[in-house]
Amino acid sequence: MGRWKADFSAIREKLPGELPTRILPLLRRLWSGLRSSKDNLRAMWARRLDREALLPFELVKYFAVTSLALIFCASLLLSWILANNAKHVLLKRSEAYSQLFAENLNRQVFLQFVLPTVVRYGRIALSDERQFKRLDGIVRNITRGMHIDSVTIFDSRENIISYSTITDMVGRRNMGGLEYEKARKGEDNSVLVSSGSLLSLLPGSSPVYCTLKTYVPFRQEDRTGMRSGEIMGVIEVVQDLSADLRAIIDLQGRIILLSLLIMGILFVILAVIVVRANKIMARRAEERLLLEEKLGEAERLATLGKMVASVSHEIKNPLGIVRSTAEILGKRISRVAPGNEHLAAIIVEETTRLDTIVREFLDFARPRELTTQLESFNVLVTRIDRFFEREFKKKGVRIVTELDTDLPMVRMDGEQMYQVLFNMVFNALQAMPEGGTLTLATGYDDQRNEVSLRVADTGIGMDEDKCTQIFIPFFTDKNRGTGLGLAIAKNIVEKHGGRIKVWSREGEGSVFTVILPVEDNPSPDDRSSDVDDGNAQR
């Protein structure tokens with residue numbers, strides 16, 4: 001035991017004394033930066049979802065509802081104004097017509113009936129059938145063709161009908177109301193009795209009714225035609241304006257329909273403009289969001305790149321010393337204390353993992369320049385198949401390769417594209433802890449002039465939300481992952497002018513497809529045929 005302590009102390013003395021104090025703070029800074037970057041990305045993603053929920057602004061719905069309400073109200077207001085104006089004009093003209101007719105009737109009755117009757121009979125007595133028939137003939141002759149519904153003459157001394165073109169009304173008392181009293185005092189006046197509205201246009205509604213009654217005092221006239229102040233009675237002239245009111249209501253309905261039609265056409269035109277404007281606004285808002293996200297991401301990556309560069313510079317050399325020392329220590333332990341070799345193996349394993357993390361940081365923060373040449377996806381698939389052969393057997397994964405033997409070669413950086421394929425296959429293995437089937441396939445789309453590399457697994461799959469986030473740097477659902485593998489893969493593929501498509505469903509597996517463009521004028525030698533096994537299964 002003392003020998004073991006002595007040997008261990010001797011080995012420890014070979015290590016740099018400041019190594020632990022240099023590495024631990026750097027590691028803390030590195031992992032603290034990673035955690036804060038993850039938190040920032042999650043917060044940014046949440047803000048983006050909240051902001052996208054507000055886009056696009058529902059301008060079309062707002063415009064549609066308000067426009068329809070305004071059009072309807074404006075049409076009703078316009079039709080109401082026009083209808084009221086038409087009714088007012090109709091009333092004034094009909095009233096003036098009735099008054100003019102009543103004055104003419106007053107003159108004709110006085111000259112043709114009152115004077116001759118007084119001369120002949122000495123007094124007027126309409127109870128005399130001859131006088132009544134003479135007056136009736138004069139009145140009907142005057143009203144013929146004048147659009148007058150009825151004429152009634154009231155006695156001036158008492159509220160009794162002395163004459164009416166409606167025979168049943170003659171002799172009735174107290175038929176004159178307030179208008180009769182006003183006319184008895186010498187005041188011309190009219191009253192309009194009507195019923196009907198826009199609802200009268202509906203089938204089954206009550207008919208339109210409109211009657212204008214004009215009351216004019218019946219006065220004596222001298223030989224020159226001037227009316228004296230003595231009132232002999234009251235003349236009531238009734239006009240039936242139902243047809244005119246019906247015409248006004250019809251006009252009101254046409255105005256509403258025409259207004260709705262014109263404003264509807266205007267609404268459609270404006271709606272088209274607003275829809276296009278809304279789409280432009282939404283597209284510009286989305287572009288602005290993307291630019292803000294890219295700017296924020298660029299700033300974070302710039303800061304992270306500086307941090308990674310400084311940290312990795314300080315870590316790599318001591319990390320190499322720790323690993324090599326641990327390997328030497330493992331050999332010493334196997335001799336002096338058998339059974340404790342796993343302690344040194346743990347150090348080697350963890351330093352290897354840390355070295356891999358540092359390399360991923362460097363690859364993401366400072367991407368390597370492309371060194372392109374004509375290569376084939378088939379070669380990459382064969383190479384990755386050989387590399388993971390033992391891992392496939394260990395985890396019970398059946399590998400299926402479906403390679404296109406006539407696949408064109410594309411200009412690419414083989415090592416970096418191999419890193420892309422490596423990350424995808426490694427993720428697929430982690431998604432199948434209980435084993436499964438991994439399919440590696442290549443193909444060529446002659447219409448688009450593109451080649452594709454497909455990696456399909458039968459693992460646990462992903463939901464839609466996770467599919468949209470897997471390429472975001474530092475996003476991971478693994479306990480020991482950095483979340484940079486797919487982000488690095490996407491950067492490499494985009495630098496080649498290609499793209500990555502993802503399909504996944506929970507419980508069914510995932511499919512990653514790398515697509516690269518083929519040169520427009522490939523030479524005859526750009527066809528790859530040096531594939532060991534074009535369609536192999538294990």
Between atom [atom1] of [X] and atom [atom2] of [Y], what is the distance when rounded to the nearest 0.5 Å?
X	Y	atom1	atom2	value
Ile460	Glu508	CD1	CD	13.5 Å
Asn491	Phe471	CG	CZ	10.5 Å
Leu289	Glu287	CG	CD	10.5 Å
Phe512	Lys501	CZ	NZ	13.5 Å
Ile488	Lys490	CD1	NZ	13.5 Å
Met412	Thr372	CE	OG1	10.5 Å

Ring centres under 6.0 angstrom apart (Phe388, Phe422): yes
Under the 3.5 angstrom rule, does the side chain of [X] hit a backbone N or O of [Y] as a donor-acceptor pair?
X	Y	value
Thr401	Leu403	no
Thr458	Thr437	yes
Gln419	Glu415	no

Using a strict 4.0 Å threshold on nitrogen-to-oxygen distance, state whether Lys279 and Glu286 make a salt bridge. no
Heavy-atom distance under 4.5 Å between the side chains of [X] and [Y], does that happen here?
X	Y	result
Leu516	Glu450	no
Thr439	Glu402	yes
Leu257	Arg254	no
Leu421	Val455	yes
Glu375	Val379	no
Thr513	Trp503	no

If you look at every heavy atom in [X] and [Y], which pair is closest and at what distance?
X	Y	value
Gly414	Leu380	O-CD2, 3.8 Å
Leu407	Gly443	CD1-O, 3.1 Å
Val208	Leu245	CG1-CD2, 3.4 Å
Ala428	Leu438	CB-CD1, 3.7 Å
Met424	Val514	CE-CG2, 3.4 Å
Ile515	Ser452	CG1-CB, 4.2 Å

Kindly indicate, with the supporting measurements, whether the criterion side-chain contact (heavy atoms from CB on, under 4.5 Å) is fulfilled by Ile262 and Leu258. CA-CA 6 Å; Ile262 295 175; Leu258 183 60; 3.8 Å; yes
Quick one: side-chain hydrogen bond (donor to acceptor under 3.5 Å, both in side chains) partners of Glu464, sequence neighbours excluded? none
Which residues pass the side-chain contact (heavy atoms from CB on, under 4.5 Å) test with Ser504, not counting sequence neighbours? Met462, Cys467, Ser510
Hey, does the Lys NZ or Arg CZ of Arg383 hover above the aromatic six-ring of Tyr418, less than 6.0 Å from the centre and inside 45° of the axis? yes
With sequence neighbours excluded, what pairs up with Glu506 under the salt bridge (Lys or Arg N to Asp or Glu O under 4.0 Å) test? none
Worked verdict on Asp413 versus His496 for side-chain contact (heavy atoms from CB on, under 4.5 Å): CA-CA 8 Å; Asp413 188 322; His496 283 78; 3.7 Å; yes
Can Phe377 and Asp404 be said to form a side-chain contact (heavy atoms from CB on, under 4.5 Å), step by step? CA-CA 9 Å; Phe377 273 155; Asp404 185 353; over 6 Å; no
With Val381 as partner, the option from Ile399, Val425, Leu453 fulfilling side chain to side chain contact (heavy atoms under 4.5 Å, CB included) is Leu453
Determine, stepwise, if the pair Ile470 / Lys466 fulfils side-chain contact (heavy atoms from CB on, under 4.5 Å). CA-CA 6 Å; Ile470 55 176; Lys466 186 177 177 181; 4.1 Å; yes
